[in-house]
Amino acid sequence: MLESSGFLSAVGVNYASLHSLLASDQFQKADEETGAVMLKIARRVTAGWLREEYITDFPCLDLQTINQLWVKYSQGRFGFNVQAEVWQSVGQDYGKFSEAVGWRHGVGSDWQQYSQLTFSLLAPSGHLPAAPFFKFNDLAIGWAASLPSKLVDCYNADF
């Protein structure tokens, strides 16, 4: 377990920038930083996207740190655990999930481009973080369905 800038990381990631961005309500920059950090941790910077297996293998300590920062500075509106709650509430249906968090509006409608997302507390619960799940042509490529079970594993783990 490594501590960098006061935040815990299994791989030595410095979370000072993410903390600062979230603390100053710069949600878009914080979201972009979250995506960049997650790619770095998963060693997927060159590829620029994450697959399910990269979430499955993601260090719990880092997932918890990112989540806790998002939850704290969004007044409980954003974070991976909030997304996991939405995921469960819609019966693990990705179409319904994407509508509930505001990444798509209405059944069969077009996906929002990343630049069209709402980067404020006015966004639906679970709207952010989104950057790790957007890539090709600025569109959503998929929320990690393995994330809820990973969160359960992480929060039940003995640290």
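Of the inter-residue distances, the one linking Asn67 atom CG with Asn81 atom CG reads 4.0 Å to the nearest 0.5 angstrom. With rounding to the nearest 0.5 Å, the separation of CZ in Arg104 from OH in Tyr94 is 8.5 Å. Separating the CZ atom in Arg43 from the CG atom in Asp57 is a distance of 11.0 Å, to the nearest 0.5 Å. Rounded to the nearest 0.5 angstrom, Gln68 CD and Leu63 CG are separated by 9.5 Å. Rounded to the nearest 0.5 angstrom, Asp25 CG and Ser74 OG are separated by 10.0 Å.
In this structure, the side chain of Gln116 engages the main chain of Gln113 through a donor-acceptor pair within 3.5 Å. Listed for the Trp103 side chain is a donor-acceptor partner under 3.5 Å among the backbone atoms of His127. Using modelled atom types, one side-chain atom of Arg77 and one backbone atom of Leu121 make a donor-acceptor pair closer than 3.5 Å. A donor-acceptor contact shorter than 3.5 Å is absent between the side chain of Ser20 and the backbone of Ala16.
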Note to self: Using side chain to side chain contact (heavy atoms under 4.5 Å, CB included), reason through Phe7 and Leu18 one step at a time and then give a plain yes or no.
What the structure shows: CA-CA 10 Å; Phe7 301 101; Leu18 179 59; over 6 Å; no
Next item on the list: Show the numbers, then the answer: is there a side chain to side chain contact (heavy atoms under 4.5 Å, CB included) between Thr34 and Ile66?
Entry: CA-CA 7 Å; Thr34 299; Ile66 294 166; 3.8 Å; yes
Next item on the list: Give the intermediate values and the outcome of ring-ring contact (aromatic ring centres under 6.0 Å, His included) for residues Phe78 and Phe119.
Entry: CA-CA 11 Å; Phe78 307 139; Phe119 297 99; 9.3 Å; no
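By the rule that hydrophobic residues join a cluster once side-chain heavy atoms approach within less than 4.5 Å of another member, Trp70 and Leu21 end up as members of separate clusters. No continuous path of hydrophobic side-chain contacts links Met38 to Val71 [ILVMFWY only; heavy atoms under 4.5 Å]. Under the 4.5 Å side-chain contact rule for hydrophobic residues, Leu128 and Val86 share a cluster.
Asp62 is listed as a side-chain neighbour of Tyr15, based on a closest heavy-atom distance under 4.5 Å. Side-chain contact check for Gln88 versus Glu85: every heavy-atom pair is 4.5 Å or farther apart. Counting only heavy atoms from C-beta outward, the side chains of Tyr114 and Asp31 approach each other to under 4.5 Å.
In plain terms, the two heavy atoms of Ala10 and Pro59 that are nearest each other are CB-CB, 3.7 Å. Across Tyr73 and His19, no two heavy atoms sit closer than the pair OH-NE2, 2.8 Å. The minimum heavy-atom distance between Gln83 and Gly126, with the atom names listed, is NE2-O, 3.0 Å. Between Ser120 and Phe27, the shortest heavy-atom distance links the atoms CA-CD1, 3.9 Å. Between Val90 and Ala100 the shortest heavy-atom distance is CG1-CB, 4.4 Å. Annotation for Ser9 and Val13: closest pair OG-N, 2.9 Å, computed over non-hydrogen atoms.
Annotation: side-chain contact (heavy atoms from CB on, under 4.5 Å) contacts of Val82 (sequence neighbours excluded): Ser125.
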